[in-house]
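All values below come from the heavy atoms of this structure, side chains included, with hydrogens, waters and symmetry mates left out. Each ligand, and each atom within it, is numbered from 1 in the order the structure gives. The first residue in the sequence is number 1, and the count goes up from there. Everything numeric here is computed off the predicted structure, so don't read it as measured data.
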Amino acid sequence: MSEQHCVGDSIVAQRHGRIGHILLNRPKALNALNLEMIRLITQALEAWRDDPAVHAVVLEGAGGRAFCAGGDIRAVRDWALSGDDASIAAFFSEEYALNAAIAAYPKPYISLIDGFCMGGGIGLSVHGTIRVASETAQFAMPETAIALFPDVGATFVLPRLPGELGMYLGLTGARLVGADAVHAGLATHFVPHHAFAALRHTLAQGGVATLAGFAETLPEFSLAPKRPMIDHCFGQGSIVAIEDALRADGSEFAVETLAILAKMSPSSLRWTFDILRAGAGRTLAQCLEAEFALVTRITHHPDFAEGVRAMVVDKDRNPKWTGL
Ligand code: QUE
């Protein structure tokens, strides 16, 4: 692999000592994943798989504000509006293939996560062996706000989080700060942001075992007091039953959660509920296959173009759902 790069590259892949280092490098777009980045990451992982000089892969986001804030959902909307189904299929099939390749990678795959880690960013990190979150990290699967659903293998991961946390996170898009992400199981280590440069250097010199020396005392799980209520309400058998349970609970948190659900695409809530429940009984490969079947169908639903318009393009945050 070439060690050359220019500043405009969307991905910078270089070997530093014993690690292959991948920098997601579209900081102005919060490192949102486009097809070029998906292809370049895939190529770097393939090149390092059988390279004995590379002991582990480390992934980071440029700019400090985001690890990766999602996928290039604007492009997907444009393809949906112009009827370019082939581009939509290429984008999601290659993204999901990368998620599977990360899960199967034969070397330690370490994500160092500062700032936003959402949607596609979760897919790039959560299937790897080690996910280091700093106190600035914010994890979320916010797709129901744009009439998508938690994909990139989240239909495998979310049902395996403690209790009904995954259903809660997937339906509401709630954000978890770094320490909470460790408690929930999306991240594996909590390391302060100021130690990332030293961690990167030490990993390159000493390999993965050096990580243990960087662990910070984990603050308590801020959702711990809410867990019984979340498990009860989000363990119901339908969206209607979840909403009824939240109303019956009546706590401030339940009322806020109802208000969040009321803003999401109603169609999206229903297909998210169904695919998360089904994901509990599927392998990762089966989950990705089911996600691909669903995503290529629902990107044609009018709520998707409208959701991306409201949340990403015009940013008025006021989508007009069809209600179908
Ligand atoms: C819900 C989402 C996404 C979102 C906003 C939501 C999403 C996504 C982006 C995003 C972020 C940064 C970018 C970009 C898109 O925003 O999935 O092009 O530069 O990728 O409310 O699901």
Side-chain angles (χ1 to χ4, degrees), residues 8 10-11 23-38 41 61-81 87-88 91-92 94-96 98-99 113-126 137-155 157-158 166 168-176 186 259-269 271-273 275-276 291-292 294-296 298-299 301-321:
S10 62
I11 290 290
L23 184 70
L24 309 171
N25 193 36
R26 291 206 308 142
K28 285 183 197 151
L30 301 177
N31 303 318
L33 202 56
N34 61 26
L35 190 50
E36 176 185 73
M37 295 163 79
I38 291 166
I41 297 168
R65 287 171 62 217
F67 172 77
C68 170
D72 188 3
I73 219 72
R74 237 178 235 269
V76 177
R77 176 177 184 267
D78 291 341
W79 294 325
L81 292 174
S87 292
I88 295 175
F91 180 81
F92 288 109
E94 293 186 42
E95 183 179 28
Y96 298 173
L98 174 56
N99 301 143
I113 302 168
D114 273 330
F116 293 121
C117 179
M118 302 193 181
I122 301 247
L124 282 184
S125 54
V126 75
Q138 293 199 59
F139 289 72
M141 290 301 293
E143 287 87 353
T144 54
I146 55 168
L148 269 181
F149 63 96
D151 64 340
V152 296
T155 68
V157 172
L158 291 179
Y168 166 70
L169 296 172
L171 291 176
T172 64
R175 288 182 188 176
L176 294 180
L186 293 176
I260 290 165
L261 291 176
K263 287 194 210 154
M264 303 309 188
S265 157
S267 318
S268 166
L269 290 177
W271 57 60
T272 295
F273 178 86
I275 198 167
L276 286 181
E291 290 175 11
F292 183 76
L294 185 59
V295 84
T296 47
I298 68 176
T299 44
H301 188 290
D303 277 5
F304 170 68
E306 172 60 7
V308 177
R309 183 205 62 74
M311 304 307 286
V312 180
V313 178
D314 297 340
K315 297 188 169 70
D316 60 43
R317 299 184 173 275
N318 189 23
K320 299 281 181 251
W321 307 126

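Without hydrogens or angle criteria, Glu94 side chain to Ile38 main chain gives no donor-acceptor distance under 3.5 Å. Side chain of Thr299 to main chain of Val295: a donor-acceptor pair is present (N/O by atom type, distance under 3.5 Å, no hydrogens or angles). With hydrogens and angles ignored, the 3.5 Å screen pairs no side-chain donor or acceptor of Glu95 with any backbone N or O of Val152. With hydrogens and angles ignored, the 3.5 Å screen pairs a side-chain donor or acceptor of Asn31 with a backbone N or O of Ala62.
Val126 is not listed as a side-chain neighbour of Phe139, based on a closest heavy-atom distance of 4.5 Å or more. In this structure, the side chains of Leu171 and Met264 stay at 4.5 Å or more apart for every pair of heavy atoms.
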Between ligand 1 and the protein, find all N/O pairs closer than 3.5 Å and give the distance for each.
from: ligand 1; atom 1: 19 (O); to: Ala29; atom 2: O; distance (Å): 2.8
from: ligand 1; atom 1: 20 (O); to: Gly71; atom 2: N; distance (Å): 2.9
from: ligand 1; atom 1: 20 (O); to: Gly71; atom 2: O; distance (Å): 2.7

